[in-house]
There are 2 protein chains.
Amino acid sequence: MAPLPSGVLGSLDSTSDRAVFRQIADQLREAIDKGRFKEGAKLPSESELVERFGVSRMTVRNALSVLQGEGLVHSEHGKGVFVRPRPPVRRLASDRFARRHRDQGKSAFTVEAEAAGSRPEVDNLQVKEERPTRDIATRLGEPRKVLARRRRYLLDGRPVEFAASFLPLDIARDTPIAQPNPGPGGIYARLEELGHRLDHFDEEVRARMPTPAEVKTLHLAAGVPVIHLVRTAYDTEGRAVEVCDTVMAADAYVLAYQLPAN
Amino acid sequence: MAPLPSGVLGSLDSTSDRAVFRQIADQLREAIDKGRFKEGAKLPSESELVERFGVSRMTVRNALSVLQGEGLVHSEHGKGVFVRPRPPVRRLASDRFARRHRDQGKSAFTVEAEAAGSRPEVDNLQVKEERPTRDIATRLGEPRKVLARRRRYLLDGRPVEFAASFLPLDIARDTPIAQPNPGPGGIYARLEELGHRLDHFDEEVRARMPTPAEVKTLHLAAGVPVIHLVRTAYDTEGRAVEVCDTVMAADAYVLAYQLPAN
DNA sequence: CCTGACCACTCGTCTATACGAGTATGGGTG
DNA sequence: CACCCATACTCGTATAGACGAGTGGTCAGG
């Protein structure tokens with residue numbers, strides 16, 4: 001057992017009314033913030049902290065769970081507790097669906113990932129017809145049935161996002177859009193070929209903690225929220241032609257928008 | 001002690017390899033999802049759950065802390081654990097800074113809140129000159145000093161957002177912008193009067209768990225992430241004239257953007 | 001040299017107990 | 001009737017102990 005670096009952690013203030021486990025969490029947080037524990041570094045083990053602070057193990061675990069909830073650290077069974085490294089973030093520009101980006105043979109995700117030096121993958125591809133949920137139906141103008149396209153995106157093997165596109169069946173049925181691979185430029189290029197010239201997109205952005213299912217699909221660590229993005233595509237006649245519902249690991253993304261001042 | 005409604009919760013599967021506290025969390029989550037515990041309703045107390053499932057109190061607390069981390073419930077000392085009500089969300093439209101919204105005597109926040117039937121407040125107003133951080137300096141074109149305007153926004157007494165605006169001092173010094181109340185239309189109106197006609201805004205959106213300071217400022221419950229928005233305003237000459245750094249309670253907001261298809 | 005058993009260390013789960021502190025309620029007292 | 005206080009409930013904090021399970025190293029034996 002390597003000795004704890006001296007001076008990294010202070011001592012507890014028994015006169016303080018701040019709970020002991022919070023004081024321990026505070027000290028560890030400060031040490032991490034100041035870089036005394038670097039990204040990916042292992043924190044002292046629970047038993048070391050028990051000894052160091054003279055408290056019981058549950059108190060130490062309580063402190064560590066605070067830091068986990070903040071997304072600062074993550075634990076690995078049998079190994080230790082580590083400072084959570086910040087993964088490279090993918091920047092989503094607001095012009096990413098602009099027509100001029102649509103002439104490639106590959107999907108926008110693939111092109112962009114390769115440009116950034118990452119290995120992109122698409123996963124769980126699923127295309128089927130189904131009854132829309134209440135919300136989707138409202139956004140799409142109450143179609144009876146929709147074509148749903150679901151997929152998961154990974155970068156260097158790490159899942160970062162999954163998405164479901166919904167299109168009114170009268171638009172998408174028996175078109176390349178109903179194929180697993182819709183071809184170069186993606187479904188937006190196909191929509192325009194089918195005569196639905198796109199006018200604009202509406203995007204709604206929310207952030208929240210993931211559901212257990214989302215934790216599983218995106219392999220999310222504790223303390224990582226998700227960004228929930230719902231995009232609706234409108235053609236030049238004002239008809240909603242697609243809704244895309246996307247859930248992203250929040251630590252892997254920054255969304256960038258450009259707004260006119262009018 | 002009121003008897004537990006029968007049939008709301010099932011029993012544990014001791015043959016399952018799923019941890020007991022997770023099974024309890026699963027059952028409570030399902031009951032909440034299915035509306036068997038409504039928004040704001042009180043869950044069975046810890047001791048009731050201890051009895052109900054025949055486990056120790058720490059196991060029950062562990063299960064409840066899972067749900068807290070998911071933002072599903074919150075506990076109140078001395079009262080109980082409650083299903084977290086979803087507060088009304090404030091919708092931020094991407095045209096909220098458009099020139100046409102700027103002719104009011106009140107701030108955009110105030111106008112919008114009153115229209116939605118809420119009581120708006122602005123708080124902690126602070127205006128001072130300071131040295132920019134590395135990030136702010138980069139975005140503003142390396143000014144030596146900046147004017148910083150900080151404030152907190154509340155709706156019906158609940159803090160929902162705090163923001164700091166930074167402007168290069170050569171633009172803002174000795175102007176109405178350096179006053180606590182910059183006047184009708186806000187600082188964007190003043191900037192234009194000073195000859196900085198606004199061209200567009202860049203917004204970067206991130207989501208993450210709050211720092212302890214942010215928890216305090218926004219009175220955040222456990223399991224509520226924050227949306228971190230950094231907006232840069234550019235004038236028609238391409239100069240960055242303001243950076244606004246905003247942290248919002250994620251459960252109080254949905255951001256709406258409209259993107260052209262080009 | 002490789003393999004497998006063992007062991008030490010890690011975190012994960014769970015029990016049982018204790019006391020403190022915040023909240024609500026009801027009943028007794030003034 | 002109004003107030004205060006005792007009380008019983010709530011969750012918060014902390015201890016001590018036990019066993020399980022994943023990881024990685026050492027070391028003996030093939």
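Remember, predicted model here, so these are calculated numbers, not experimental data. Residue numbers begin at 1 in each chain, while the letters A, B, ... track the order of the sequences.
- The rotation axes computed at either terminus of the helix from C:dC1-D:dG30 to C:dG30-D:dC1 lie 0° apart, taking five pairs at each end and rounding to 10 degrees.
- Here B:Arg90 pairs with B:Glu112 in a salt bridge; the nearest charged N to carboxylate O distance falls below 4.0 Å.
- Listed by chain and number, the residues in a side chain to side chain contact (heavy atoms under 4.5 Å, CB included) with A:Pro88 amount to none (sequence neighbours excluded).
- Legend: residues meeting side chain to side chain donor-acceptor pair (under 3.5 Å) with B:Arg139, ordered by chain and number and at least two apart, are B:Asp135, B:Glu204.
- Atom CG of A:Asp17 and atom P of C:dA21 are 10 Å apart (whole Å).
- Remark: P of D:dG12 and NZ of B:Lys79 are 13 Å apart, rounded to the nearest angstrom.
- In this structure, NZ of B:Lys42 is placed 12 Å from P of D:dC9, rounded to the nearest angstrom.
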Inset, instruction - Treat primed atoms plus P, OP1 and OP2 as sugar-phosphate and everything else as base, then score nucleotides 12-18 of chain C 5' to 3': B for base contact with protein heavy atoms under 4.0 Å, S for sugar-phosphate contact only, - for none. - result: BBBBB-B

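- The aromatic rings of A:His74 and A:Phe82 lie tilted to each other, with the angle between the two planes from 30° to 60°.
- Rounding to whole angstrom units, CD of residue B:Glu48 and P of D:dA8 are separated by 17 Å.
- Residues that satisfy the side chain to side chain contact (heavy atoms under 4.5 Å, CB included) test with A:Thr59, not counting sequence neighbours, are A:Val20, A:Phe21, A:Ile24, A:Val55, A:Ser56.
- The separation between A:Phe53 atom CZ and D:dT15 atom C1' is 17 Å, rounded to whole Å.
- Every side chain to side chain donor-acceptor pair (under 3.5 Å) that A:Lys34 has, sequence neighbours left out, goes to A:Glu30.
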Side-chain donor-acceptor distances from residues 243-250 of chain B under 3.5 Å, at least two apart:
{"unit_1": "B:Asp245", "atom_1": "OD1", "unit_2": "B:His228", "atom_2": "NE2", "d": "3.1"}
{"unit_1": "B:Asp245", "atom_1": "OD2", "unit_2": "B:His228", "atom_2": "NE2", "d": "3.1"}

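- For B:Asp26, the side chain to side chain donor-acceptor pair (under 3.5 Å) partners at least two apart in sequence or on another chain are B:Arg18, B:Arg29.
- Every residue two or more places apart in sequence or in another chain that forms a side chain to side chain contact (heavy atoms under 4.5 Å, CB included) with B:Ala256 is listed here: B:Arg91.
- A:Ala222 is linked by a side chain to side chain contact (heavy atoms under 4.5 Å, CB included) to A:Gln68, counting only residues two or more places apart in sequence or in another chain.
- Annotation: side chain to side chain donor-acceptor pair (under 3.5 Å) contacts of A:Asp13 (sequence neighbours excluded): A:Thr15.
- Of the residues in residues 216-225 of chain B, not one places a heavy atom less than 4.0 Å from an atom of DNA chain D.
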